[in-house]
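The next block holds one structure in the form of C-alpha cells; read it before the comments.
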Amino acid sequence: MLPFRITYYTLLDIFRFALRFIRPDPRSRVTDPVGDIVSFIQMFEEKYGRTHPVFYQGTYSQALNDAKQELRFLLVYLHGEDHQDSDEFCRNTLCTSEVTQFVNSRMLFWACSTNKPEGFRVSQALRENTYPFLAMIMLKDRRMTVVGRLEGLIQPQDLINQLTFIMEANQTYLVSERLEREERNQTQVLRQQQDEAYLASLRADQEKERKKREKQEQKRREEEEAQLRLQAEERKKRNLQEEKERRSECLPAEPESDHPDSLKIIFKMPNDTRVERRFLFTQSLSVIHDFLFSLKETPEHFQIVANFPRRVLPCLPTEEVPVPPSLQEAGLSRSQLLFVQDLTDE
C-alpha cells in the first residue's frame, strides 16, 4: 500500500495558478526546446553537482518517442526553481547515489525547469499541483500514458519504493506490447526474407558486374599512374642530367698544381670512392658544390662535411649566409679531405 500523503499549497502556488487565467505567460512561446533542456542541465549541474540520473538531452516529445520505441518507462521531473522544497529534493533525494543508480538502470529520465518554455509547456500538459513533481509515463494501450504522479518532498527510499510499485503494477502492459511487437516483427521479417530472396539473384549479378567494371577501371588507373610515374622519373633524370652538364660547363678551369693559391681537395663520396681536384683559395664554396653536383656518382641532394673540427660547409646561400664564404674563409687547408653525405632520403 502506498502511504497516504497530504499536499500543501503555498501562497506562491495559488498565486501562480491564478495568474495563468489573468494574462498570457511569456513562457508559452517555445522557440528553442533543446536549448531549454541544455541550459537547464548546465544550471542543475552548477548548483547540485554531476551526481544525478542521466538527463535525456532532447525535447519532451523526443523522450516520449524514444520511450515508446524502446518500450521503457519515462520518468519526468519538473523543476520549480522558486519552490521552497526544490533544493532539498534535488540535493538529498534526486542526486543521491541510490536514486541515481535506480533510475539509470530502469528508465529514461527527462527533466526541465518550469521557468523554461519547454518545461512550462510540459507542465501545462501534465498539470502538476506542486513541486517537486515527478510523473511516470509508459506505453499503455498503444498510447503514452501517465501511470503515476509523485508530488511534494519525498525521501530517497520512499521514492524508490513508490517508483518500484508503479513499475510492477504496470509491467504487464509492457510485456503484452513486447509480445505484439515480436509477432509484428516476425511477420515483417518473413516478408522481407521473401523479398530479399526474390532480389538476391539480381543483386548478385549486379554486384558481379560492378566488381568487374571496378577491376577494369582500377587496372586502367594503375597502368596510367605507372606510366605517369615512369614519365615523371625519366623527366626528373633528364632534367638532373641537364643541370649537371650545365654546372660542369660553368665551372672555372682547374688550376695548375704549382699555382700559389691552389689547394688539393679529396672528396670521399657516399659510395666510398674518392674524387680529387684542385681549387683556388679565393674561390667560393659554391664552386666545390657545383663540381660535386656535376659528377655522375653524386646524389641529387647532399652536403659537404669537414673534420677537425667537424662541420657542415655552407656551400649554398641561406638567409643567414646569403653569400657562401671562400675556401680560405672556410678554413680549408692546402691539402684537404672532405666527406660528401647523401641527403636524398632525408
Side-chain angles (χ1 to χ4, degrees), residues 207-346:
E207 182 67 11
K208 185 185 297 183
E209 183 64 24
R210 183 187 65 81
K211 289 182 177 180
K212 181 181 178 180
R213 290 195 303 269
E214 285 185 352
K215 188 175 182 179
Q216 292 174 344
E217 178 63 19
Q218 182 179 358
K219 181 180 179 181
R220 184 194 65 78
R221 288 197 304 267
E222 289 175 352
E223 292 175 349
E224 182 177 335
E225 290 172 358
Q227 182 65 25
L228 291 175
R229 285 195 299 270
L230 180 60
Q231 292 175 357
E233 290 174 1
E234 292 177 349
R235 183 166 54 253
K236 182 178 179 181
K237 290 179 180 178
R238 186 168 56 252
N239 292 340
L240 181 60
Q241 183 58 36
E242 291 175 356
E243 181 63 17
K244 284 178 176 287
E245 293 174 358
R246 187 188 68 81
R247 297 275 187 97
S248 178
E249 293 172 358
C250 294
L251 285 173
E254 183 176 7
E256 298 295 334
S257 58
D258 57 352
H259 193 290
D261 289 333
S262 71
L263 70 158
K264 181 177 70 173
I265 300 179
I266 299 175
F267 299 98
K268 186 173 182 181
M269 308 301 288
N271 59 3
D272 289 334
T273 61
R274 292 174 179 255
V275 176
E276 180 180 322
R277 192 185 190 278
R278 292 185 300 277
F279 298 88
L280 296 177
F281 276 111
T282 57
Q283 290 175 334
S284 170
L285 286 176
S286 61
V287 175
I288 64 173
H289 186 277
D290 289 346
F291 165 71
L292 290 170
F293 184 85
S294 67
L295 299 179
K296 182 179 181 180
E297 61 269 31
T298 306
E300 181 179 0
H301 302 288
F302 63 92
Q303 66 182 11
I304 305 171
V305 178
N307 278 344
F308 311 115
R310 188 181 188 282
R311 63 195 187 280
V312 177
L313 299 182
C315 299
L316 298 176
T318 63
E319 292 184 0
E320 294 79 9
V321 186
V323 179
S326 67
L327 277 62
Q328 186 174 20
E329 292 171 339
L332 300 187
S333 61
R334 192 167 292 276
S335 180
Q336 182 74 46
L337 174 65
L338 298 180
F339 297 87
V340 181
Q341 292 186 345
D342 189 355
L343 299 179
T344 302
D345 295 332
E346 296 186 6

Exercise. So Leu332 and Gln328, side-chain contact (heavy atoms from CB on, under 4.5 Å) or not? Walk me through it.
Worked result: CA-CA 6 Å; Leu332 300 187; Gln328 186 174 20; over 6 Å; no
Seminar exercise, completed: In short, ring-ring contact (aromatic ring centres under 6.0 Å, His included) pairs touching residues 234-277 with sequence neighbours left out are Phe267-Phe291
Exercise. What pairs meet the salt bridge (Lys or Arg N to Asp or Glu O under 4.0 Å) rule with one or both residues in residues 285-300, with sequence neighbours excluded?
Worked result: Lys236-Glu300, Arg247-Asp290
Problem set entry | Test side-chain contact (heavy atoms from CB on, under 4.5 Å) applied to Val312 and Phe339, step by step | CA-CA 9 Å; Val312 177; Phe339 297 87; over 6 Å; no
Exercise. Can Lys237 and Glu234 be counted as an ion pair, charged N to O under 4.0 angstrom?
Worked result: no
Problem set entry | Leu292 side, atom CG; Ile304 side, atom CD1 - distance, nearest 0.5 Å | 4.5 Å
Exercise. Please, which pairs that meet ring-ring contact (aromatic ring centres under 6.0 Å, His included) have at least one residue in residues 299-336, sequence neighbours excluded?
Worked result: His289-Phe302
Exercise. About how many Å separate CG of Leu285 and CG of Leu316, when rounded to the nearest 0.5 Å?
Worked result: 9.5 Å
Exercise. Mind checking what makes side-chain hydrogen bond (donor to acceptor under 3.5 Å, both in side chains) contact with Glu245, not counting sequence neighbours?
Worked result: Gln241
Do any side-chain atoms of residues 273-284 form donor-acceptor pairs under 3.5 angstrom with protein atoms, and if so which ones, sequence neighbours left out?
from: Thr273; atom 1: OG1; to: Asn271; atom 2: OD1; distance (Å): 2.6
from: Arg277; atom 1: NH2; to: Pro252; atom 2: O; distance (Å): 3.0
from: Arg278; atom 1: NE; to: Pro255; atom 2: O; distance (Å): 2.8
from: Arg278; atom 1: NH2; to: Pro255; atom 2: O; distance (Å): 3.2
from: Gln283; atom 1: OE1; to: Leu280; atom 2: N; distance (Å): 3.0
from: Ser284; atom 1: OG; to: Ser286; atom 2: N; distance (Å): 3.1
from: Ser284; atom 1: OG; to: Ser286; atom 2: OG; distance (Å): 3.0

Exercise. With Asp272, which residues qualify under side-chain contact (heavy atoms from CB on, under 4.5 Å), at least two apart?
Worked result: Lys268
For this session: Look up atom OG in Ser294 and atom CZ in Arg246, then write down how far apart they are to the nearest 0.5 Å.
Result: 11.0 Å
Exercise. Under the side-chain contact (heavy atoms from CB on, under 4.5 Å) test, which residues partner Val321, sequence neighbours left out?
Worked result: Thr318, Pro325
Exercise. Between Glu329 and Ser326, is there a donor-acceptor pair closer than 3.5 Å when you use the side chain of the first and the backbone of the second?
Worked result: yes
For this session: Report the distance from atom CE of Met269 to atom CG of Leu338, rounding to the nearest 0.5 Å.
Result: 11.5 Å
Seminar exercise, completed: Between Ser335 and Ser333, the two heavy atoms sitting closest are O-OG, 2.8 Å
Exercise. What's the spacing between Cys315 SG and Ile288 CD1 if we round to 0.5 Å?
Worked result: 4.5 Å
Exercise. Quick one: side-chain hydrogen bond (donor to acceptor under 3.5 Å, both in side chains) partners of Glu222, sequence neighbours excluded?
Worked result: Gln218
Exercise. Is atom CD of Glu214 surrounded by more than 12 heavy atoms (other residues, nucleotides or ligands) closer than 6.0 Å?
Worked result: yes
Exercise. Do Leu295 and Lys244 have side-chain heavy atoms sitting under 4.5 Å apart?
Worked result: no
For this session: Name all residues meeting the salt bridge (charged side-chain N to carboxylate O under 4.0 Å, His left out) criterion together with Glu320; count only those two or more places apart in sequence or in a different chain, and write none if there are none.
Result: none
Seminar exercise, completed: Rounded to the nearest 0.5 Å, the CZ atom of Arg334 sits from the OG atom of Ser262 at a distance of 6.0 Å
Problem set entry | Partner set under salt bridge (charged side-chain N to carboxylate O under 4.0 Å, His left out) for Arg220, not counting sequence neighbours | Glu217, Glu224
For this session: Please answer whether the main-chain N or O of Lys219 pairs with a side-chain N or O of Arg221 as donor and acceptor at a distance below 3.5 Å.
Result: no
Exercise. Got a sec, which residues hit salt bridge (charged side-chain N to carboxylate O under 4.0 Å, His left out) with Glu207, two or more places apart in sequence or on another chain?
Worked result: Arg210
For this session: Could you pull out all residues at least two apart from Lys212 that satisfy side-chain contact (heavy atoms from CB on, under 4.5 Å)?
Result: Glu209, Gln216
